[in-house]
Amino acid sequence: MSRPTKLYEPYQLGPISLANRFVMAPLTRNRAAPGTFVPSPLAADYYAQRASAGLLVTEASQISQQGQGYQDTPGIYSKDQVAGWRKVTDRVHERGGRIFIQLWHVGRISHNALQANGGAPVAPSAIRAKGKTFVNGTFADVSEPRALELAEIPGIIDDFKRVTRNALEAGFDGVEIHGANGYLLDQFAKDGANKRTDAYGGSIENRARLMLEVSKAVAAEAGADRTGIRISPVTPANDISDSNPQALFDHIVDGLNALKLVYLHVVEGATGGPRDFAPFDYADLRKRFSGAYIANNGYDFELATKVLDAGAADLIAFGKPFISNPDLVERLQKGAPLNEWDKNTFYGGGARGYTDYPTLEAADAAE
Ligand SMILES: Cc1cc2nc3c(=O)[nH]c(=O)nc-3n(C[C@H](O)[C@H](O)[C@H](O)COP(=O)(O)O)c2cc1C
């Protein structure tokens, strides 16, 4: 039995037609090949199984070795990684799906063991985050970072440009810039992590500069109509904070709107935690941005329907529900029960907890 909701209405995202309003949120799964960081062969099955979502956004994928912060996350900077991703996009497209790749530089959320010659991770300022990463099979404190030299910043923008070309070569329909969750671009934007005194620190304009310069560079490669960005204005994830997130993100979103990015993907509240973690006017961002607004964090069928009906978002991104329900789109349409997710298999491992969650059809057949 189908239920009344806008979730199943098609949506035109720039040049791309989406079959419905479901987005699979980016979800790190740490199953890439150790050493080469080529996506696992299982990744093609995993994403293809979920291709009925209007849009899939891949797990965050590092733009360089320097941009990696966790064990066995995939890259998009080498030829082999591009070839690995091509297998994923081909399989998703065969099933009629659409897929963007999330482009990631972790900044200070990394460990010496992952960096070239055991060097320090880079950050806007040499301030160590309180937090852990997973590396060499165990949880470890993130390492003491070093502040990026002003002269190094163009190189990071170039890395974003280069991997955008790679992403298109790998067959992605577009790219999502990871500006959220306390990673490099969020670190530059927020004054809890950025104490610079040059053109990339201090005022809101200066702190927003890197996120906007990266967005401009990526949009110039992919086309603004194939470039989205993810932000998380108030999340405390990865020890990030800002003294005035509303003013900061009003300014950032004005800049993104001027660049005509195709979507703004917003983690509302604390990532994976309370939606009302801190006061913030998300409707204000929506008003300032004329592209698509993707809402995320703690959505279920009812809340998604309510928000779409109110016109407060165009698309809804679901994270954990997509981990355990490859056919989330069909299950919610039928009002069928959902599989529970198993936290123990989120990060690392093989097929278990990755490609073996049953569809409703498979579960019915097994009864
Ligand atoms: C296992 C796991 C991995 C995640 N990896 C990413 C990631 O790579 N990039 C990102 O922006 N957010 C990541 N997130 C956050 C999710 O995209 C999403 O914001 C969060 O789970 C809240 O949405 P939900 O309530 O629908 O799960 C991750 C979350 C989980 C649980």
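Counting convention: from 1, in listed order, for ligands and their atoms alike. Scope of the values below: all heavy atoms of this structure, side chains included, with no hydrogens, waters or symmetry mates. All of these numbers come straight from a predicted model, not from anything done at the bench.
- Judged purely by distance below 3.5 Å, without hydrogens or angles, the side chains of E340 and S324 never pair a donor atom with an acceptor atom.
- In terms of polar-atom proximity, Y299 is not counted as a contact of ligand 1, lacking any N or O under 3.5 Å from an N or O of the ligand.
- Taking the six-membered ring for Trp and the full ring otherwise, Y70 and W104 have centroids separated by under 6.0 Å.
- Each of I294, L308, V23 was evaluated against I316; a single residue qualifies, L308, per the side-chain contact (heavy atoms from CB on, under 4.5 Å) test.
- Nearest protein heavy-atom neighbour of atom 30 (C) of ligand 1: L27 CD2, 3.7 Å.
- Between R29 and ligand 1, not a single N/O pair is under 3.5 Å apart.
- Of the N or O atoms in G298, one or more lie within a sub-3.5 Å distance of an N or O in ligand 1.
- In this structure, R275 satisfies the cation-pi test against Y299, with its NZ or CZ atom closer than 6.0 Å to the six-membered ring centre and inside 45 degrees of the ring normal.
- Checked by atom type, the side-chain pair Q102/T58 shows no donor-acceptor distance below 3.5 Å.
- In terms of polar-atom proximity, P26 is counted as a contact of ligand 1, with an N or O under 3.5 Å from an N or O of the ligand.
- No donor-acceptor distance shorter than 3.5 angstrom exists from the side chain of N194 to the backbone of A189, with no hydrogens or angles considered.
- In terms of protein heavy-atom proximity, atom 22 (C) of ligand 1 is closest to N297 OD1, 3.3 Å.
- Between F22 and Y8, the ring center distance clears the sub-6.0 Å criterion.
- Taking every non-hydrogen atom of A25 and a distance limit under 4.0 Å, the qualifying atoms of ligand 1 come out as 17 (O).
- Between L148 and P124 there is no side-chain heavy-atom pair separated by less than 4.5 Å.
- Backbone and side-chain nitrogen or oxygen atoms of K320 are examined, and one is located within less than 3.5 angstrom of a nitrogen or oxygen of ligand 1.
- Among protein heavy atoms, the minimum distance from atom 23 (O) of ligand 1 is reached at N296 ND2, 3.1 Å.
- Counting only heavy atoms of the protein, atom 9 (N) of ligand 1 lies nearest to Q102 OE1, 2.8 Å.
- Residue-level proximity to ligand 1 for F318 is carried by the backbone, the only part with a heavy atom below 4.0 angstrom.
- For the pair R226 and F100, the cation does not sit on the ring face, since its NZ or CZ is not both under 6.0 Å from the ring centre and inside 45° of the axis.
- An N or O contact shorter than 3.5 Å links G319 to ligand 1 by distance.
- For ligand 1, the atoms closer than 4.0 angstrom to any heavy atom of F346 are 1 (C), 31 (C).
- Side chain to side chain, Q49 and Y354 fail the donor-acceptor criterion of an N or O pair below 3.5 Å.
- For ligand 1, the atoms lying closer than 4.0 Å to a non-hydrogen atom of T271 are 15 (C), 19 (O).
- In terms of N/O distances under 3.5 Å, ligand 1 is approached by H178.
- Inspection of the Q65 and Y77 side chains reveals no N or O donor paired with an N or O acceptor under 3.5 Å.
- For I323, no nitrogen or oxygen atom sits less than 3.5 Å from a nitrogen or oxygen atom of ligand 1, counting backbone and side chain alike.
- The single protein non-hydrogen atom nearest to atom 12 (N) of ligand 1 is R230 NH1, 2.9 Å, given as residue, atom name and distance.
- At least one heavy atom of Y347 lies less than 4.0 angstrom from ligand 1.
- The pair R91-D45 meets the salt-bridge criterion, since a charged nitrogen lies less than 4.0 angstrom from a carboxylate oxygen.
- The nearest non-hydrogen atom to atom 5 (N) of ligand 1, considering only I316, N181, T28, comes from T28.
- The ligand atoms of ligand 1 that sit less than 4.0 angstrom from a heavy atom of A60 are 8 (O).
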